Amino acid sequence: MIKRTTVNAFAKRKREGEKIVMVTAYDAPTAAAAADAGIDILLVGDSLAPTVLGYRNTLPVTMEQMLHHAAAVRRGAPGSFVVFDLPFMSYQESLEKALHNAGRALKEADCDAVKLEGGAEQAALVEALVGAGIPVMGHVGLLPQRVQTAGGYRIQGRTPETAERILNDAKALEQAGAFAVVLECIPVELGKSVTEALEIPTVGIGSGSDCSGQVQVMNDLIGLFETTPKHAKRYADVGKIVREALENYVSEVKNGVFPDEDHSFR
Ligand code: KIV
């Protein structure tokens, strides 16, 4: 039986000043690589939609698609702490539907927790989920599932009023029982003050180095796309390596170089 980390470990990490490292994962081989690299939390993000499935934003991805990929992540990383990102409209419609869908993430894909977007307005839902035994990671600041009402992807919390709202949202999530909260694209100073105001850990993306941990989209880190967002660092150029490998394959097949004797049977 593989023993997995539980939510309590992350609050302890914060108390002891040890950073938490989280990355998105969408399939078995990259989940296995992330686990081998010592990543603490794998997030099956709804960024699955734009990064892997080719959609324009995160909105179209369905529960079924998320479950399909989350199960693959679990198979690739059986010992990792895996968070399932509840997709758009899987938890906004009703408490019953949210409980049902969050339960599916744990029952059908063997995930350890769910993540959902929003602040104080989600407190009752977070309380119900936690009450039902489902650990919840909150998400405040830039909320990609609200891109249509927000009018685009913008840094949040730049005015005193919006900064205070984000701080209060994070506190409301903690109060409701969330075990951690993602802070997406807020100024460094606000990332620091939210982190200091909470006992639970904050996991930042574009929110400065004072957060209790960091999360990034796998594809940005490994350089699968042409461009990298400002908050992400490109640690490799995997897209270029893949293109070059495939160009070499095309050329060798066309020129009769591949397959050679070493790759043939007699
Ligand atoms: O889906 C995702 O990748 C996320 C991260 C940006 C935190 O929610």
Side-chain angles (χ1 to χ4, degrees), residues 10 19-27 30-31 34 39-63 65-70 72-73 80-92 101-102 105 109 111-119 122 126 135-147 150 152-157 166 169-170 173 178-186 191 194-195 200-208 211-222 224-225 227-233:
F10 301 114
K19 294 281 186 190
I20 297 162
V21 191
M22 172 159 131
V23 74
T24 64
Y26 315 103
D27 60 41
T30 53
I39 299 282
D40 300 305
I41 305 179
L42 300 181
L43 170 67
V44 186
D46 61 354
S47 51
L48 169 70
T51 56
V52 174
L53 302 181
Y55 290 113
R56 199 165 59 88
N57 56 36
T58 60
L59 305 190
V61 74
T62 64
M63 264 309 288
Q65 288 166 329
M66 289 292 297
L67 285 165
H68 180 76
H69 285 262
V73 166
S80 292
F81 190 91
V82 177
V83 177
F84 183 99
D85 208 3
L86 289 171
F88 180 57
M89 293 319 290
S90 69
Y91 60 97
Q92 290 90 341
N101 283 327
C111 289
D112 300 290
V114 298
K115 177 170 86 59
L116 54 85
E117 295 184 9
Q122 302 291 15
V126 172
V136 179
M137 178 178 271
H139 184 155
V140 298
L142 194 161
L143 304 178
Q145 291 181 6
R146 299 190 196 172
V147 62
Y153 299 97
R154 294 202 178 83
I155 307 300
Q156 303 293 307
I166 289 170
D169 280 341
L173 293 169
F179 74 94
V181 57
V182 167
L183 306 181
E184 182 162 357
C185 290
I186 60 174
V194 174
T195 303
I200 58 169
T202 58
V203 187
I205 173 164
S207 301
C211 298
S212 323
Q214 297 293 324
V215 56
Q216 288 289 331
V217 169
M218 166 89 73
N219 297 27
D220 292 334
L221 297 184
I222 65 172
L224 261 184
F225 300 129
T227 58
T228 310
K230 181 175 161 62
H231 62 68
K233 182 169 169 186

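This one's a predicted model, so the numbers in the text were calculated from it and none came from an experiment. All ligand and atom numbering here is 1-based and tracks the order in the structure.
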Problem - Heavy atoms of other groups near H68 NE2, more than 12 under 6.0 Å - result: no

Fill in the blank from the handout: Separation between CG (D46) and CG (L116), nearest 0.5 Å, reads 11.0 Å

Problem - Nitrogen or oxygen atoms of D85 and ligand 1 under 3.5 Å apart - result: yes

Fill in the blank from the handout: Counting heavy atoms under 4.0 Å, the part of L43 that contacts ligand 1 is side chain

Handout entry: Nearest neighbour in protein (non-hydrogen) for atom 3 (O) of ligand 1
Key = S47 OG, 2.5 Å

Practice task
Have a look at ligand 1 and work out which part of D46, if any, has a heavy atom under 4.0 Å from it: side chain, backbone, both or neither.
Solution key: both

Practice task
Name the closest protein heavy atom to atom 8 (O) of ligand 1, giving the residue it belongs to and the distance to 0.1 Å.
Solution key: K115 NZ, 3.0 Å

Completion exercise
Value for CG (L143) from CD (Q156), rounded to nearest 0.5 Å, stands at 7.0 Å

Fill in the blank from the handout: Checking heavy atoms under 4.0 Å, the part of I205 that sits near ligand 1 is side chain

Handout entry: Check: K115 side chain, V44 main-chain N or O, donor-acceptor pair, under 3.5 Å
Key = no

Handout entry: Geometric class of the F81/F10 ring pair [parallel <30°, tilted 30-60°, perpendicular >60°]
Key = perpendicular

Completion exercise
Numbered in order shown, the ligand 1 atoms found under 4.0 Å of a heavy atom of T24 are 3 (O)

Problem - Within 6.0 Å of NZ in K19, more than 12 heavy atoms from elsewhere - result: yes

Fill in the blank from the handout: Distance col, row Q214:CD vs H231:NE2, nearest 0.5 angstrom, shows 10.5 Å

Problem - Whether Q216 lies under 4.0 Å from ligand 1, heavy atom - result: no

Handout entry: Those atoms of ligand 1 less than 4.0 Å from some heavy atom in V217
Key = 3 (O)

Fill in the blank from the handout: In ligand 1, the atoms that come under 4.0 Å of a heavy atom of G45 are 1 (O), 2 (C)

